[in-house]
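Since the structure comes first, as structure tokens, the remarks are kept for the end.
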Amino acid sequence: MQLIRGLQNLKEQPGCVLTIGNFDGIHAGHQKIIRSLVTRAKSLGLPSVVISFSVPPESFFGRPKARLSSFRDKHLFLESLGVEKHLLIRFNKDFSQMSARSFVEDFLLGKLKMRCCFIGDDFRFGKDRQGDYSMLESMAKNSDFVAQKVNRVNVNGQRVSSSEIRRLLRLGEFKMAEELLGRPFAIGGRIMHGEKRGRAIGFPTINVSIGRKLSPVLGVFAVLIELNKKTYQGVCNVGKRPTIGGEKTLLEVNIFDFDKNVYGEHAKVLFKYRIREEMKFESIEQLQGQIAIDANITKRYFASQ
């Protein structure tokens with residue numbers, strides 16, 4: 001899949017079938033849109049294009065949300081769904097002031113030569129969120145493109161949305177979150193060198209770079225770790241480590257029965273069960289005792305599955 005970083009790197013296209021959105025997490029609703037997009041593009045013999053944002057609009061307007069997926073994971077998942085081109089736009093002041101009509105006429109039609117556009121039933125775009133499916137449908141009547149609305153997806157009576165998945169993850173409702181996502185919730189990242197504090201207290205950890213200031217999960221969890229094509233069990237802490245005065249949100253995993261040098265490798269951590277909130281302890285000894293309890297809870301959880 002071709003990655004196009006920014007409008008300045010976009011060359012005029014011979015035509016395409018496209019969709020636009022944040023696609024955070026690429027949940028079951030997003031997957032429905034993207035599969036429809038890929039199918040239509042193949043039937044027309046045109047490239048399929050997904051337009052997303054390197055800086056989400058919410059972050060630009062000062063309302064950042066915890067991301068469900070890193071850019072790397074989103075990009076790879078789009079590729080696995082058969083998307084041919086991923087156009088990444090930086091949402092900035094100039095872009096935020098573009099009217100919805102100009103966005104369609106100058107950009108989607110003028111540069112991309114859009115032949116068909118798939119959007120969710122609640123998607124909005126353009127300055128002051130003036131653009132929606134109705135506008136696209138109206139403009140399509142006088143232009144050579146088709147607007148296709150994809151209705152919302154419900155799972156067990158619950159509408160699928162990134163906001164609802166974040167709520168479920170905060171509550172530790174991982175099974176329901178998995179149903180809405182269409183796969184287990186996971187955080188992937190490169191294994192980094194840490195401060196070796198875990199090893200010093202008898203619980204060595206791998207430190208996974210999560211690359212985000214806000215995490216959709218915080219606390220202590222039973223997890224599976226996919227590493228070098230193998231799967232391990234472990235206990236994970238996501239937080240600032242208040243007992244030792246930490247300030248940055250980190251993801252640390254104690255992998256059971258594991259003692260290998262894996263710095264620089266990519267790991268995927270799959271969240272299965274929420275054990276507790278992160279706590280500040282009065283001493284390292286109290287922390288050691290609680291980690292041992294957390295590990296035992298995790299082992300019992302996996303033994304029961």
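It should be emphasised that the depicted structure is a prediction, and the values quoted were computed from it without experimental measurement.
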Practice task
Taking all heavy atoms of L251 and all of V238, pick out the closest pair and write down the distance.
Solution key: CG-CG2, 4.0 Å
Problem - Crowding at CZ, R276 (>12 non-hydrogen neighbours, <6.0 Å) - result: yes
Practice task
Evaluate whether atom CD of E277 has more than 12 neighbouring non-hydrogen atoms of other residues, nucleotides or ligands under 6.0 angstrom away.
Solution key: no
Problem - Sub-4.5 Å side-chain heavy-atom contact between V150 and T19 - result: no
Practice task
Spell out, as yes or no, whether a donor-acceptor pair under 3.5 Å connects the side chain of S99 to the backbone of S102.
Solution key: yes
Exercise for the section: Examine distances only and state if a side-chain atom of E226 and a backbone atom of K268 form a donor-acceptor pair shorter than 3.5 Å. Expected result: no
Problem - Heavy-atom neighbours of F91 CZ exceed 12 at 6.0 Å - result: yes
Exercise for the section: Side-chain contact test, heavy atoms from C-beta onward, threshold under 4.5 Å: evaluate it for L136 versus F123 and give yes or no. Expected result: no
Exercise for the section: Report, as yes or no, whether the 6.0 Å neighbourhood of atom CG on D257 holds more than 12 heavy atoms from other residues, nucleotides or ligands. Expected result: no
Problem - Basic-acidic side-chain contact under 4.0 Å: E178, K175 - result: no
Practice task
Please examine the side chains of N254 and T205, heavy atoms only from C-beta on, and report whether any two atoms are closer than 4.5 Å.
Solution key: yes
Problem - R90 atom CZ, neighbour heavy-atom count above 12 within 6.0 Å - result: no
Practice task
Starting at CZ of R167, measure out to OG of S161 and round the result to the nearest 0.5 Å.
Solution key: 9.5 Å
Exercise for the section: Decide yes or no for E137 and K149: does some side-chain heavy atom of the first lie under 4.5 Å from some side-chain heavy atom of the second? Expected result: no
Practice task
Report yes or no: is the cationic atom of K272 (NZ for Lys, CZ for Arg) closer than 6.0 Å to the six-membered ring centre of Y301, at no more than 45° off its axis?
Solution key: no
Practice task
Could you tell me whether D121 and R152 make a salt bridge, using a distance below 4.0 angstrom between a side-chain N and a carboxylate O?
Solution key: yes
Problem - Partner of H86 under side chain to side chain donor-acceptor pair (under 3.5 Å), chosen from R5, H75, Q2, K74 - result: H75
Exercise for the section: Can you sort out the partners of D132 under salt bridge (charged side-chain N to carboxylate O under 4.0 Å, His left out), two or more places apart, ordered by chain and number? Expected result: none
Handout entry: pair F107-I89: side-chain heavy atoms closer than 4.5 Å
Key = yes
Donor-acceptor pairs under 3.5 Å, side chain of residues 230-237 to any protein atom, not counting sequence neighbours: which ones?
{"from": "N237", "atom 1": "ND2", "to": "E278", "atom 2": "OE2", "distance (Å)": "3.1"}

Exercise for the section: Answer yes or no: are there more than 12 heavy-atom neighbours, outside K113 itself, under 6.0 Å from its atom NZ? Expected result: yes
Handout entry: Within 6.0 Å of CG in N9, more than 12 heavy atoms from elsewhere
Key = yes
Exercise for the section: With the side chain counted from C-beta on, respond yes when L109 and S143 share a heavy-atom pair under 4.5 Å apart, and no when they do not. Expected result: yes
Handout entry: Ring center gap for F95 and F103 short of 6.0 angstrom
Key = yes
